[in-house]
Amino acid sequence: MTGLQFPLATDRLELRHFERADVALVGRYHMLPAVQRYLVRPTRYQEDVAAAVEIMRGQVCLQRPGDTLTLAMQRKGDKAVLGHVSLHWSDATAGQGELLFAIDPAYAGGGFLTEALTAMLDLAFGHYGIHRVFVRCDGRNHHSAKLMQKLGMRLEAHYREHALFQGEWDEELHFAILDREWQATSKVHPLPLRDRVA
Amino acid sequence: MGFYPDLPIITQRLTLRPFTRGDVDAVLDYRGREDVALYLFDTALSREECALAVQQRILQTSWSAEGDKIVLAAVLSESDTLIGELSLIWRSEDARQGEIGWIFHPDHHGRGYATEAASALLDLGFQGADLHRIFARCDARNASSWRLMERLGMRREAHFREHALFKGGWDEEFVYAVLRREWRTGG
């Protein structure tokens, strides 16, 4: 396996590890009700944000099942932190991974998440050899659902009232994509053998 | 809280009762078959394994903590023949969630016994145990199982592909569910 270099560059973003100094930048969006409503671990106060950044700072690579890789979405140029994307290696024998993400609502809708998640899917399938990647999102979160469909993920599950989440009945969607489906929709197609130099 | 149902449950043609020590051979009759084990996590059971399973089931008649199972034998009331088993598992106390499951002897398929028994167990879950949602899972190839879920009025909530390994191959799984307000008790 070739070495992985961070940051990962996309058109407009650099995906990099979190640093201690990011607490202020992350605090700008992490505590907003619209963001923390969908987070697994709610961050209501500044101390929660510091703890969240501390956890994300430690998530630098996938070495064993259960590990998570979390990267800050940093815009090239002004270095603004727009949000974060994570890849969680949930199962080794069956090659399963989960993507998690959050974005500052001020930057939502600009295609940044599409860019970052595309890079993460390339990483999951291309570098880590994962077989299936899934995303869980709240049923009320239409932006996430549309984004998943844009990435070519299939809706696999729609659970209704299967749990309580922050005091309300939860509605949850699962989207998934297999490695062979991702290759089929990838924008870069490998050249046929005869056109290759080596 | 817990849930300690009055047993047995009597339906039109069936008695759903706790297992007893005398049930081992009747259970072996279907759990010992490869075609029955095909879509179960267990392989076909030996007589010793059946004895152990029955031993366990004798005590599974109530819930006192999340994860507890009520496992009942389905018996034809007229002939006292054991034709299968059903389970109701307490998945969440807070969110009042339960999971239902069943295994029936293939010789007794096609007469509506499973529908009758499962329907009584859903009644028990919603009325007796005050559940909010009951779900069931099965292998996508197990058509007789998911058709039963549909007959019961359960909705297909999930279709997972290759999300896990099952008996050496990729697993494909359906999840069906029904909410309390969707379920018509006594149907």
Side-chain angles (χ1 to χ4, degrees), chain A residues 40 65-66 87-99 121 124-125 128-140 145 148-149 151-185, chain B residues 1 39 41 66-67 88-101 122 125-126 129-141 146 149-150 152-183:
Chain A
V40 183
L87 174 63
H88 174 68
W89 190 16
S90 56
D91 182 342
T93 45
Q96 307 285 308
E98 178 177 7
L99 283 176
L121 284 165
F125 294 126
Y128 288 113
I130 285 175
H131 178 68
R132 174 176 169 274
V133 172
F134 66 99
V135 170
R136 291 181 293 171
C137 68
D138 192 291
R140 296 165 302 181
M148 293 310 114
Q149 281 161 342
L151 288 168
M153 302 188 87
R154 284 175 290 97
L155 179 66
E156 285 200 341
H158 185 170
Y159 291 127
R160 291 166 206 267
E161 305 183 18
H162 70 298
L164 290 168
F165 182 67
Q166 300 182 7
E168 288 179 68
W169 284 118
D170 194 22
E171 188 178 338
E172 190 173 278
L173 305 177
H174 284 227
F175 290 88
I177 185 165
L178 300 173
D179 48 6
R180 59 176 181 276
E181 296 173 321
W182 177 246
Q183 280 152 16
T185 61
Chain B
M1 277 286 284
Y39 304 123
F41 287 108
E66 263 181 24
L88 189 62
I89 309 172
W90 200 12
R91 288 298 185 196
S92 163
E93 179 170 7
D94 278 6
R96 291 153 49 217
Q97 306 281 313
E99 178 175 357
I100 188 173
L122 286 170
F126 286 123
D130 196 30
L131 292 175
H132 180 75
R133 174 177 170 273
I134 298 177
F135 68 96
R137 297 183 286 176
C138 74
D139 193 292
R141 297 166 297 176
W146 61 258
M149 295 171 193
E150 293 192 345
L152 290 165
M154 301 180 91
R155 284 173 288 102
R156 186 183 294 175
E157 284 199 331
H159 182 176
F160 294 118
R161 293 166 203 263
E162 306 186 14
H163 67 301
L165 291 169
F166 179 72
K167 295 187 173 177
W170 286 114
D171 193 23
E172 192 176 338
E173 186 178 272
F174 285 146
V175 178
Y176 278 75
V178 58
L179 296 174
R180 178 189 187 78
R181 63 175 176 275
E182 297 173 313
W183 180 248

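Letters A, B, ... mirror the listed sequences (proteins, then strands); counts begin at 1. This is a predicted model, so every value here is computed, not measured.
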Quick one: pull up [atom1] in [X] and [atom2] in [Y] and give me the separation to the nearest 0.5 Å.
X	Y	atom1	atom2	answer
L173(A)	E157(B)	CG	CD	10.5 Å
W169(A)	H132(B)	CH2	NE2	4.0 Å
F160(B)	F134(A)	CZ	CZ	8.5 Å

**OP:** Against chain B, label H174(A) side chain, backbone, both or neither, depending on which of its atoms sit under 4.5 Å from a heavy atom there.
**Re:**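 Contact with chain B involves the side chain of H174(A) alone.
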
Subject >> Toward chain B, the part of L164(A) with a non-hydrogen atom under 4.5 Å >> reply: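 Answer is both: backbone and side chain atoms of L164(A) are under 4.5 Å from chain B.
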
Original post:
Should the pair W170(B) and H131(A) be assigned to parallel (<30°), tilted (30 to 60°) or perpendicular (>60°) ring geometry?
Top reply: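 Judged by the thresholds at 30° and 60°, the geometry between W170(B) and H131(A) is parallel.
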
Need one label for [X]: side chain, backbone, both or neither, based on atoms under 4.5 Å from any heavy atom in chain A.
X	result
H159(B)	both
L165(B)	both
R156(B)	neither

Original post:
Between the side chain of E162(B) and the main-chain N/O of A94(A), is any donor-acceptor distance below 3.5 Å?
Top reply: no

Original post:
Which residue pairs satisfy the salt bridge (charged side-chain N to carboxylate O under 4.0 Å, His left out) criterion with at least one member in residues 154-166 of chain A, sequence neighbours excluded?
Top reply: R132(A)-E156(A), R154(A)-E156(A), R154(A)-E181(A), E161(A)-R181(B)

Subject >> Non-hydrogen atoms of A95(B) and A163(A) that approach each other most closely >> reply: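 Heavy atoms of A95(B) and A163(A) come nearest at CB-CA, 3.7 Å.
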
